[in-house]
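Accompanying notes for the structure given below.
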Amino acid sequence: MRPVSELLESRALTGTPREHDLASYPASAADTPPTRKRVLVLAYSQSGQLTAITESLIAPLRADARIEVHVETLKPQRAFPFPWSLWRFLDAFPESAHLVPAAIDTPRLAPDDAFDLVILPWQVWFLAPSQPVTAFLKHPLARQVLAGKPVVSVIACRNMWMMAFEKMKGLLTDSGARLIDNVVLTDRAPTLATLISTPMWMLTGRRDAVPGLPPAGVSADDIRRCSRFGRALRDALLDGRETGNAPLLSGLRAVEADPKLLASERAGTRSFLVWGHLLRAAGLPGCRRRIPLLILYLLFLILMILTVVPTSLTVQALLRRRMASRLAGHKAYFEQPSGSGSERLAQYD
Ligand SMILES: Cc1cc2nc3c(=O)[nH]c(=O)nc-3n(C[C@H](O)[C@H](O)[C@H](O)COP(=O)(O)O)c2cc1C
């Protein structure tokens with residue numbers, strides 16, 4: 001296996017355009033004990049960011065001969081481009097927001113494949129789980145494999161993931177899976193900066209496409225430190241704790257929700273649903289009849305980003321005291337199940 005540092009260098013930090021495969025192979029075959037824990041890892045990444053995060057997280061599992069790691073790479077039947085053209089990027093929003101994803105190849109999993117734990121890394125597209133991951137969760141075979149299984153969700157995105165997480169919870173419930181943990185990694189730059197730097201990264205393939213703004217994406221340090229989750233999962237698997245309902249990643253600062261972004265996320269979700277209906281009525285993805293509506297939508301989106309996000313952040317700053325208890329409630333809700341506590345960091349970081 002290539003070391004994480006090399007992956008970070010060659011994939012995430014350069015932002016070289018490619019879709020990524022994580023090699024699927026078990027840990028060392030020597031001294032294999034008879035009852036190895038089996039872990040299924042889903043993989044899809046355009047820039048390589050989510051690949052690097054996943055590699056860092058699962059490295060401790062792969063290094064342990066008592067654990068077998070199977071990586072299933074999701075392959076859309078028609079690849080999404082990276083970098084995106086502006087037209088393809090906008091055209092992806094109606095189906096992303098409405099959870100009507102483009103099809104993926106049938107996963108190479110047998111219906112009776114039995115896993116002890118499932119690790120589900122996913123990215124947010126238009127305030128919803130990305131299309132390839134949604135397509136996987138809606139695939140009948142995936143549903144058979146996931147039913148009753150404990151799932152660790154790992155989100156990597158710009159910084160708006162809360163409404164997408166609500167949708168993800170619904171998809172996992174539909175699959176009969178048990179969500180036991182959620183890890184969230186975001187771009188730590190100020191929201192208004194990331195609203196420019198992230199789309200520019202998607203459209204150019206370069207994290208540093210906008211001079212004067214911090215490079216887009218999750219930091220190399222945050223990615224490297226994901227190995228703490230792998231170490232905690234390894235110990236939990238070896239203790240058999242994945243069969244219970246308690247989170248395995250509590251006390252590791254797995255997620256820090258920013259409830260101030262919720263108002264913008266809600267407004268965005270509502271507008272994506274309304275515009276998504278209009279666009280889907282105009283035709284299928286790629287259809288020329290969508291173009292005029294998409295141009296209108298782009299103008300609307302820019303207006304919204306320039307007005308709704310700063311207005312809602314300013315109003316909340318002004319009403320900070322009055323809104324404190326409501327925001328604290330939202331924060332606690334969205335940080336479930338793993339939480340933002342740090343009491344086990346010294347043991348695993
Ligand atoms: C079409 C599209 C829509 C996106 N929408 C969001 C979003 O709503 N919220 C967010 O925080 N990040 C959003 N992102 C950023 C992604 O969640 C993710 O961080 C980025 O695409 C890198 O993932 P990768 O590993 O697949 O390259 C979007 C990216 C794309 C390509």
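Side chains included, hydrogens not; waters and symmetry mates left out as well; all remaining heavy atoms used. Start at 1 and go down the list; that is how both ligands and their atoms are numbered.
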Query raised in the report: Is there a nitrogen or oxygen of Thr51 sitting under 3.5 Å from a nitrogen or oxygen of ligand 1?
Result: no
Requested in this report: Heavy-atom distances under 4.0 Å are what count here, so tell me which part of Asn159 touches ligand 1: side chain, backbone, both or neither.
Outcome: backbone
Report summary line: If you scan protein heavy atoms around atom 5 (N) of ligand 1, the nearest is Phe126 N, 2.9 Å
Requested in this report: Show your working on salt bridge (Lys or Arg N to Asp or Glu O under 4.0 Å) between Glu95 and Arg290 and close with a plain yes or no.
Outcome: CA-CA 13 Å; Glu95 283 68 28; Arg290 283 191 179 200; 2.5 Å; yes
**Report entry** For atom 7 (C) of ligand 1, the protein heavy atom that lies nearest, with its residue and separation
**Finding:** Val124 CG1, 3.5 Å
Query raised in the report: Would you say Ala156 touches ligand 1, if touching means a heavy atom closer than 4.0 Å?
Result: yes
Report summary line: among protein heavy atoms, the one nearest atom 20 (C) of ligand 1 is Met202 CE, 3.6 Å
**Report entry** Glu335 side chain vs Ala257 backbone, donor-acceptor pair below 3.5 Å
**Finding:** yes
Query - Arg38 to Phe115, cation-pi by 6.0 Å centre distance and 45° axis angle - result: yes
Query - ligand 1 atoms in contact with Cys157 (distance to a heavy atom under 4.0 Å) - result: 10 (C), 11 (O), 12 (N), 17 (O), 19 (O)
Report task. Compute the centroid of each ring, for Trp125 and then for Phe89, and state whether the two points are separated by less than 6.0 Å. Result -> no
Requested in this report: Identify the protein heavy atom lying closest to atom 9 (N) of ligand 1, giving its residue, its atom name and the separation to 0.1 Å.
Outcome: Met160 O, 3.2 Å
**Report entry** Atom indices of ligand 1 within 4.0 angstrom of Arg158 heavy atoms, with elements
**Finding:** 10 (C), 11 (O), 12 (N), 19 (O)
Report summary line: Nearest non-hydrogen protein atom to atom 23 (O) of ligand 1, with distance, is Gln123 CB, 4.1 Å
Report task. Select one of side chain, backbone, both or neither to describe which atoms of Phe89 lie under 4.0 Å from any atom of ligand 1, heavy atoms only. Result -> side chain
Requested in this report: Decide whether Thr194 and Asp187 meet the rule of one side-chain donor and one side-chain acceptor closer than 3.5 Å.
Outcome: no
Query raised in the report: For Phe165, is the NZ or CZ atom of Lys169 found under 6.0 angstrom from the centre of its six-membered ring and inside 45 degrees of the ring axis?
Result: yes
**Report entry** Trp84 neighbourhood, listing ligand 1 atoms whose heavy-atom distance to it stays under 4.0 Å
**Finding:** 31 (C)
Report task. Could you tell me how the ring of His98 sits relative to the ring of His277: parallel (under 30°), tilted (30 to 60°) or perpendicular (over 60°)? Result -> perpendicular
**Report entry** Salt bridge flag under 4.0 Å for residues Glu72 and Arg108
**Finding:** yes
Report task. Just jot down the ligand 1 atoms closer than 4.0 angstrom to any heavy atom of Ser47, in number order. Result -> 24 (P), 25 (O), 27 (O)
Report summary line: For atom 25 (O) of ligand 1, the closest protein heavy atom turns out to be Ser45 OG, 2.7 Å
Query raised in the report: With a 4.0 Å cut-off, would you call Asp91 and Arg88 a salt bridge?
Result: no
Requested in this report: Run the numbers for me: atoms of ligand 1, each under 4.0 Å from some heavy atom of Leu50, listed by number.
Outcome: 25 (O)
Requested in this report: Considering the heavy atoms of Leu127, write down every atom of ligand 1 situated less than 4.0 Å from one of them.
Outcome: 7 (C), 8 (O)
Query raised in the report: Does Tyr44 have its ring centroid less than 6.0 Å away from the ring centroid of Phe136?
Result: no
